Amino acid sequence: MTWLLPRLAAAMLAVVLGVLLGRLAGELAGAARLGGIVGGAVCIAAVVLVDAWRGQRLMSWLRGPQQGSAPRDAGFWGELGYRVERALRVRELAVENERKRLEQFFSAIEASPNGVLLLDEQDQIEWCNSVAADHFGLDPQRDRRQRVTNLVRAPAFVAYLQGGQFADAVSFVDPLGRRTFSVLVRAYGEGMKLVLSQDVTERERADAMRRDFVANVSHEIRTPLTVLAGFVETMATVPLTEVENKRVLVLMEQQTHRMQALVADLLTLAQLEGSPRPAADRWVAVASLMKRAEADATALSGGRHTIIVDTGDDAELAGAETELLSAIGNLLNNAVRYTPEGGRIEVHWSRRADGGAEIDVVDTGIGIAREHLGRLTERFYRVDGSRSRETGGTGLGLSIVKRLVEAHGGTIGIEDNVPTGAQFVVSIPAATAAMLASIRPAAPT
Ligand code: ADP
């Protein structure tokens with residue numbers, strides 16, 4: 001009440017002053033009493049008018065956008081204006097802080113690698129981040145307040161949302177059938193829903209590949225195992241002549257080798273696809289690599305082919321010797337196996353202008369039809385399964401070569417030379433290929 005007493009005192013003072021002045025003026029006119037009343041009334045009116053004007057100034061500031069400060073005034077109106085202004089500023093600051101926090105919160109959700117979609121009680125879109133917009137094919141601005149099931153028509157998603165059972169996630173495929181999304185819904189607030197989406201295309205693909213791989217491996221192992229089991233049973237139950245016995249043992253040995261080769265290739269692949277590889281820090285002489293690969297191929301061919309291998313002069317490659325030999329060896333091995341007797345197999349080493357190098361393995365064998373080229377380096381992909389198996393193939397050779405070459409920074413290309421044979425081109429980058437002369441200081445003269 002501290003503000004009331006001074007106001008009452010000032011009003012009383014003004015009235016007393018008015019009455020006194022009125023009486024003085026009234027005495028001159030011979031009507032002192034009337035003068036006092038008029039003087040008092042005029043002073044009350046003046047006090048009320050001044051009060052109303054000061055109140056009006058504050059009121060018009062309050063009615064406006066309250067920019068700038070409240071009217072500076074003394075006394076009651078001054079303090080009232082100051083306090084209202086301070087309360088407003090405190091509130092504005094709190095609102096601004098809240099707005100910033102909300103913005104930060106939304107930008108954090110925006111940065112999420114997963115899609116986030118907020119739905120109201122009627123499943124209308126309240127907000128979504130750009131990842132969710134991409135997953136569901138939405139426009140974050142235009143589609144606001146639209147019912148999500150009118151826009152996302154995937155039956156699995158619509159049934160999931162309407163079913164109300166959100167314990168597990170649901171998967172659906174985009175209308176073009178290219179991507180698979182996993183969606184999880186969590187209820188919050190009063191009937192609101194938080195929809196989380198994740199692109200699981202790669203994961204699904206990897207799962208499918210893993211399943212295929214296991215099925216392929218099982219199939220590849222089961223076949224020689226079945227043959228072996230058959231022979232073992234035959235030997236156990238049927239009396240065989242010495243010649244028959246020997247023949248059966250040879251066949252059993254072949255099947256055992258087949259399984260051994262498969263297991264060896266599987267281990268190599270697992271090793272290549274597993275832990276990250278250390279950087280190549282050894283230089284391997286191309287000439288010795290080529291000589292060893294040639295010796296292996298010649299032994300495999302048994303004189304049935306003409307094999308010409310370019311030794312690569314004094315070139316060197318950075319990498320692991322056994323792996324580089326395995327890559328070239330696998331290509332030569334294939335060339336021998338897929339080239340009929342009398343055919344020609346050549347390996348050429350050449351430098352490229354950019355400092356890189358190329359190893360070409362060319363044969364005059366059965367060749368590869370164009371439609372198979374893109375898939376040859378897939379695990380277990382074969383053009384002719386029976387021919388591959390007959391010649392001791394596992395179906396893993398080229399996928400191993402691809403990984404080995406890539407591990408050395410290179411790429412592998414396959415040309416369709418049907419019916420004149422096949423050509424494999426291994427491209428090696430400049431960083432991996434070097435000439436001896438350029439990497440070793442010149443010998444002192
Ligand atoms: P495989 O053990 O069956 O030879 P690879 O991965 O080494 O497996 O090769 C995959 C397939 O590519 C082979 O089954 C074969 O059909 C084809 N192929 C590979 N190299 C040659 C080649 N030099 N000539 C013709 N076909 C080839």
Side-chain angles (χ1 to χ4, degrees), residues 209 212-213 215-224 254-273 293-294 296-298 300-302 304-309 323-348 358-407 410-426:
M209 273 174 70
D212 278 0
F213 182 65
N216 279 326
V217 171
S218 313
H219 176 75
E220 293 293 332
I221 290 184
R222 198 178 50 195
T223 316
Q254 276 174 4
Q255 297 304 323
T256 315
H257 282 155
R258 197 173 143 190
M259 281 199 291
Q260 276 173 335
L262 181 68
V263 171
D265 278 358
L266 283 172
L267 283 175
T268 309
L269 256 188
Q271 222 174 358
L272 287 170
E273 289 176 353
E294 183 180 13
D296 292 347
T298 309
L300 184 69
S301 160
R304 289 175 296 128
H305 309 92
T306 309
I307 301 176
I308 297 164
V309 178
E323 296 189 352
L324 290 167
L325 183 63
S326 167
I328 303 170
N330 260 303
L331 291 177
L332 266 170
N333 181 302
N334 278 354
V336 171
R337 285 169 42 230
Y338 295 106
T339 303
E341 195 167 346
R344 190 179 170 87
I345 296 160
E346 290 179 25
V347 182
H348 298 290
E358 254 178 39
I359 300 173
D360 291 71
V361 180
V362 195
D363 64 52
T364 55
I366 58 171
I368 306 157
R370 177 169 297 191
E371 64 267 26
H372 300 289
L373 296 183
R375 300 196 56 193
L376 281 190
T377 53
E378 283 176 25
R379 294 177 297 194
F380 295 113
Y381 188 85
R382 293 161 162 125
V383 175
D384 177 350
S386 55
R387 183 175 182 126
S388 156
R389 288 187 191 93
E390 267 167 31
T391 55
T394 59
L396 295 172
L398 288 182
S399 51
I400 290 176
V401 173
K402 181 172 185 249
R403 278 165 186 80
L404 287 171
V405 170
E406 284 174 354
T411 54
I412 178 162
I414 309 165
E415 309 286 327
D416 55 329
N417 279 357
V418 166
T420 54
Q423 181 176 1
F424 291 81
V425 183
V426 175

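What you see is a predicted model; the values in this text were computed from it and never measured. The basis for the numbers below is simple: all heavy atoms, side chains too, and nothing from hydrogens, waters or symmetry mates. Whatever order the structure lists them in is the order used to number ligands and atoms, beginning at 1.
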Between Glu273 and Arg403, is there a side-chain heavy-atom distance shorter than 4.5 Å?
yes
Of the side chain and backbone of Tyr381, name the one, both, or neither that has a heavy atom under 4.0 Å from an atom of ligand 1.
backbone
Kindly determine whether Thr298 and Asp296 satisfy side chain to side chain donor-acceptor pair (under 3.5 Å), including the steps that lead there.
CA-CA 6 Å; Thr298 309; Asp296 292 347; over 6 Å; no
Which of the numbered atoms in ligand 1 are under 4.0 angstrom from any heavy atom belonging to Ala422?
22 (C), 23 (N), 24 (N)
N/O separation below 3.5 Å, Asp363 to ligand 1
yes
Quick one: does Thr394's side chain get under 4.5 Å of Glu220's, heavy atoms only?
no
For ligand 1, which part of Arg387 has a heavy atom less than 4.0 Å away: the side chain, the backbone, both, or neither?
neither
Give the numbers and elements of all ligand 1 atoms closer than 4.0 Å to a heavy atom of Val383.
14 (O), 16 (O)
Carboxylate-amine/guanidinium contact Glu378 Arg375, below 4.0 Å
yes
Between Ser386 and Asp384, is there a side-chain donor-acceptor contact under 3.5 Å, judged purely by atom types and distance?
yes
Does a side chain donor of either His257 or Gln255 reach within less than 3.5 Å of an acceptor in the other side chain?
no
Going by heavy atoms, is His372 under 4.0 Å from ligand 1?
no
The atoms of ligand 1 lying under 4.0 Å from a heavy atom of Ser388, numbered in the order shown, are 1 (P), 2 (O), 3 (O), 14 (O)
Counting only nitrogen or oxygen atoms and a 3.5 angstrom limit, does Gly395 reach ligand 1?
yes
Looking at Arg382, which atoms of ligand 1 are within less than 4.0 Å of one of its heavy atoms?
3 (O), 14 (O)
Would you mind reporting whether Asp363 and Val361 have side-chain heavy atoms less than 4.5 Å apart?
no
Does any non-hydrogen side-chain atom of Leu266 lie less than 4.5 Å from one of Val217?
yes
I want to know if ligand 1 touches Gly393 in the polar sense, i.e. an N/O pair below 3.5 angstrom.
no
Heavy-atom pair of closest approach, residues Ile328 and Ala293:
CG2-CB, 4.0 Å
Under 6.0 Å from the six-membered ring centre of Phe213 and within 45° of its axis: does the NZ or CZ of Arg379 meet both?
yes
Considering heavy atoms of the protein only, find what lies nearest to atom 26 (N) of ligand 1 and give residue, atom and distance to 0.1 Å.
Ile368 CG1, 3.3 Å
For ligand 1 and Gly397, I'd like to know whether there is a polar contact (N/O to N/O, distance under 3.5 Å).
yes
Using a 4.5 Å cut-off on heavy atoms from C-beta on, say whether the side chain of Leu331 contacts that of Val401.
yes
Under 4.0 Å from one or more heavy atoms of Leu376, ligand 1 contributes atoms 11 (C), 12 (O)
If we only count heavy atoms from C-beta on, is the Val425 to Ile359 side-chain gap below 4.5 Å?
no
Please identify which atoms of ligand 1 are closer than 4.0 Å to at least one heavy atom of Arg337.
1 (P), 2 (O), 4 (O)
Test item, Gly365 contacting ligand 1 (heavy atom, 4.0 angstrom):
no
Which residue owns the protein heavy atom closest to atom 21 (C) of ligand 1, what's the atom, and how far is it?
Tyr338 CD1, 3.5 Å
Atoms of ligand 1 less than 4.0 Å from Thr394 heavy atoms?
2 (O)
Closer than 4.0 Å to some heavy atom of Leu398 - which atoms of ligand 1 meet that?
5 (P), 6 (O), 7 (O), 9 (O), 10 (C), 12 (O), 19 (C)
When distances are taken from atom 19 (C) of ligand 1, the protein heavy atom at minimum range is Asn334 ND2, 3.5 Å
Geometric N/O contact Ser399 with ligand 1, under 3.5 angstrom:
no
